[in-house]
There are 2 protein chains.
Amino acid sequence: MAFKQDLNNQFARMGKVLGSGRRLELLDYLAQGARSVEQLATVSGLSVANTSQHLQKMQQAGLVRAERHGKQIFYQLADNEVIALMTVLRGLAERHLAEVREMVSMHLTRRDGLEPVSAEELLARAWSGLVTVLDVRPPEEYAAGHVPGAVNISAERLREKIAMLDPSREVIAYCRGPYCTFSFEAVALLRAEGFSARRLEAGFPEWKQAGHPIETEHTPLELTHD
Amino acid sequence: MAFKQDLNNQFARMGKVLGSGRRLELLDYLAQGARSVEQLATVSGLSVANTSQHLQKMQQAGLVRAERHGKQIFYQLADNEVIALMTVLRGLAERHLAEVREMVSMHLTRRDGLEPVSAEELLARAWSGLVTVLDVRPPEEYAAGHVPGAVNISAERLREKIAMLDPSREVIAYCRGPYCTFSFEAVALLRAEGFSARRLEAGFPEWKQAGHPIETEHTPLELTHD
DNA sequence: TTTTCATTCAATCATGTTATTGAATGAACA
DNA sequence: TGTTCATTCAATAACATGATTGAATGAAAA
């Protein structure tokens with residue numbers, strides 16, 4: 001039965017790569033769109049060499065792929081199922097690891113007591129034109145792909161730019177994923193300022209993975225879409 | 001942003017556990033149903049102590065849980081999403097790792113040229129009563145849960161017991177999962193003997209995970225079903 | 001209470017992994 | 001053709017992991 005063992009060893013190559021918090025963080029950023037090594041190093045706080053090594057491991061394991069554009073090499077997820085993989089992994093962790101449950105309930109409790117908005121609900125309501133969809137991620141991530149019609153005000157600058165939003169319309173905010181704090185903060189701020197605001201249930205990667213429509217700013221960053 | 005790092009480190013605990021072929025093999029067996037440490041050690045060929053250590057790691061990572069019954073401790077998957085996790089992982093590996101594609105095409109090519117049967121098709125046709133559903137796994141695994149109405153003849157003994165099957169009915173065979181060779185061998189043998197035979201697309205774990213009905217022989221092995 | 005025995009623990013060695021440094025590629029652009 | 005500079009490589013040290021022993025638990029059965 002060497003076949004079974006060999007096969008499981010191959011699957012384990014992919015598993016190993018998921019066994020480092022640093023790499024999971026890099027995958028998180030890559031789930032927003034393609035990024036150069038330097039961009040990833042900056043955003044994750046790792047050295048460029050270290051980032052490069054992690055990216056190569058992930059590439060060898062088939063989770064990401066690289067493509068040169070001009071002087072830089074852009075990495076991206078090998079396919080959208082990587083997002084599904086992380087979603088399942090996180091769901092299991094949240095259900096079975098007490099530490100995760102605690103951390104999540106400490107940091108991500110919605111003080112507003114409102115249910116998050118599902119992707120389907122957002123689609124229906126955005127279509128009706130009665131809500132403002134707000135993307136609170138940094139501009140580069142917005143540029144690489146966002147929910148159609150979404151307005152981009154990064155979480156950092158929301159306080160100063162809040163006047164740009166129409167107070168008569170409900171706001172639905174989203175960010176990088178279910179554990180990204182930006183949208184929680186944004187909703188809290190908006191509600192404090194008298195807005196009617198709710199969070200999208202998940203983030204942009206999950207939206208993309210579900211096959212919902214996507215809008216792109218300009219195309220240099222948005223590479224081959226298989 | 002210590003929160004993000006801590007959270008990813010927690011998720012990585014679960015990832016680490018997927019980074020060993022041995023553990024993936026144990027998870028495969030557990031996906032068939034609950035098993036004692038000794039049973040798992042026997043079937044996987046590992047020492048009891050080594051098996052125990054792997055099981056404990058998986059338990060700490062929240063992938064499996066343990067329950068004592070009499071003198072033995074039975075391990076089982078923490079929940080059915082573990083099967084989904086492995087399905088996504090394997091799908092990614094099969095798509096992006098050349099080695100996996102090669103191994104699969106070497107060992108699992110269907111020489112019969114027939115498409116496998118989907119779970120939905122099996123349900124429809126089994127209900128009509130015109131097909132024999134054949135479980136070619138070992139009897140213990142059949143006992144711990146199987147497709148309703150399935151006949152159990154383990155792959156080893158199929159040749160000697162083939163006369164028990166009605167040659168006028170089509171046979172749909174299944175085993176442990178998409179990479180288990182039993183059902184491929186069974187279909188080849190049956191077709192050589194003049195049967196009309198096809199494979200179920202996936203195996204019993206995937207059937208269970210999809211929420212399809214399950215039949216159990218007796219209950220001591222089938223523990224709490226949350 | 002005592003015995004039994006499936007499971008776990010503890011200690012060890014060999015092996016693999018991570019982060020860091022500084023140097024080396026090598027494709028792109030002038 | 002030569003220069004630039006983003007990325008990768010190579011070497012190292014600290015650390016984590018896996019398999020193997022044999023002994024130690026401790027719950028169940030006698």
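Labels below follow one simple rule: chain letters A, B, ... track the order of the sequence lines, proteins then strands, and each chain is numbered from 1.
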Check the distance between [N]'s [atom2] and [X]'s [atom1] and give it to me in whole angstrom.
{"X": "A/Q56", "N": "D/dC9", "atom1": "CD", "atom2": "C1'", "result": "8 Å"}
{"X": "B/H54", "N": "C/dC9", "atom1": "NE2", "atom2": "P", "result": "15 Å"}
{"X": "B/L55", "N": "D/dG18", "atom1": "CG", "atom2": "P", "result": "13 Å"}
{"X": "B/Q60", "N": "C/dC9", "atom1": "CD", "atom2": "C1'", "result": "13 Å"}
{"X": "A/R65", "N": "D/dT7", "atom1": "CZ", "atom2": "P", "result": "18 Å"}
{"X": "B/E67", "N": "D/dA27", "atom1": "CD", "atom2": "P", "result": "16 Å"}
{"X": "B/Q59", "N": "C/dT8", "atom1": "CD", "atom2": "C1'", "result": "12 Å"}
{"X": "B/N9", "N": "D/dA16", "atom1": "CG", "atom2": "C1'", "result": "14 Å"}

Backbone of [Y] reached by a side-chain donor or acceptor of [X] within 3.5 Å:
{"X": "B/Q39", "Y": "B/S36", "result": "yes"}
{"X": "A/E206", "Y": "A/G203", "result": "yes"}
{"X": "A/R13", "Y": "A/G62", "result": "no"}
{"X": "B/N8", "Y": "A/R22", "result": "no"}

Contact list (N/O, under 3.5 angstrom) for nucleotides 20-30 of chain C vs protein:
none

Going by ring-ring contact (aromatic ring centres under 6.0 Å, His included), name the residues that satisfy it together with A/F204, two or more places apart in sequence or in a different chain.
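Per chain and number, A/F204 pairs via ring-ring contact (aromatic ring centres under 6.0 Å, His included) with no residue.
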Not counting sequence neighbours, which residues clear ring-ring contact (aromatic ring centres under 6.0 Å, His included) with B/H146? List them please.
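B/H146 satisfies ring-ring contact (aromatic ring centres under 6.0 Å, His included) with B/Y142 only.
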Distance under 6.0 Å and angle within 45° of ring axis: B/R199 vs B/F184
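The answer is yes, since B/R199 meets both limits relative to B/F184.
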For D/dT7, does OP1 or OP2 lie under 4.0 Å from any side-chain N or O of A/S52?
no
For D/dA6, take OP1 and OP2 only and decide whether either is under 4.0 Å from a side-chain N or O of A/Y75.
no
Kindly state which residues belonging to residues 13-24 of chain B come within less than 4.0 angstrom of DNA chain C, counting heavy atoms of the residue only, listed by number.
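Going residue by residue through residues 13-24 of chain B, none turns out to have a heavy atom under 4.0 Å of DNA chain C.
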Have a look at the helix from C/dT1-D/dA30 to C/dA30-D/dT1 and give the angle its two end axes make, five pairs each, rounded to 10 degrees.
40°
Applying side-chain hydrogen bond (donor to acceptor under 3.5 Å, both in side chains), can you list everything that pairs with B/K16, at least two apart in sequence or on another chain?
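B/K16: no side-chain hydrogen bond (donor to acceptor under 3.5 Å, both in side chains) contacts found.
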CZ of A/F11 to CG of B/L92: how many Å apart, nearest 0.5 Å?
10.5 Å
On the 0 to 90° scale, with breaks at 30° and 60°, tag the A/F3-B/H107 ring pair as parallel, tilted or perpendicular.
parallel
Check each of A/E99, A/R95, A/R101, A/E94 against A/L97 using the side chain to side chain contact (heavy atoms under 4.5 Å, CB included) test, and report the only one that passes.
A/E99
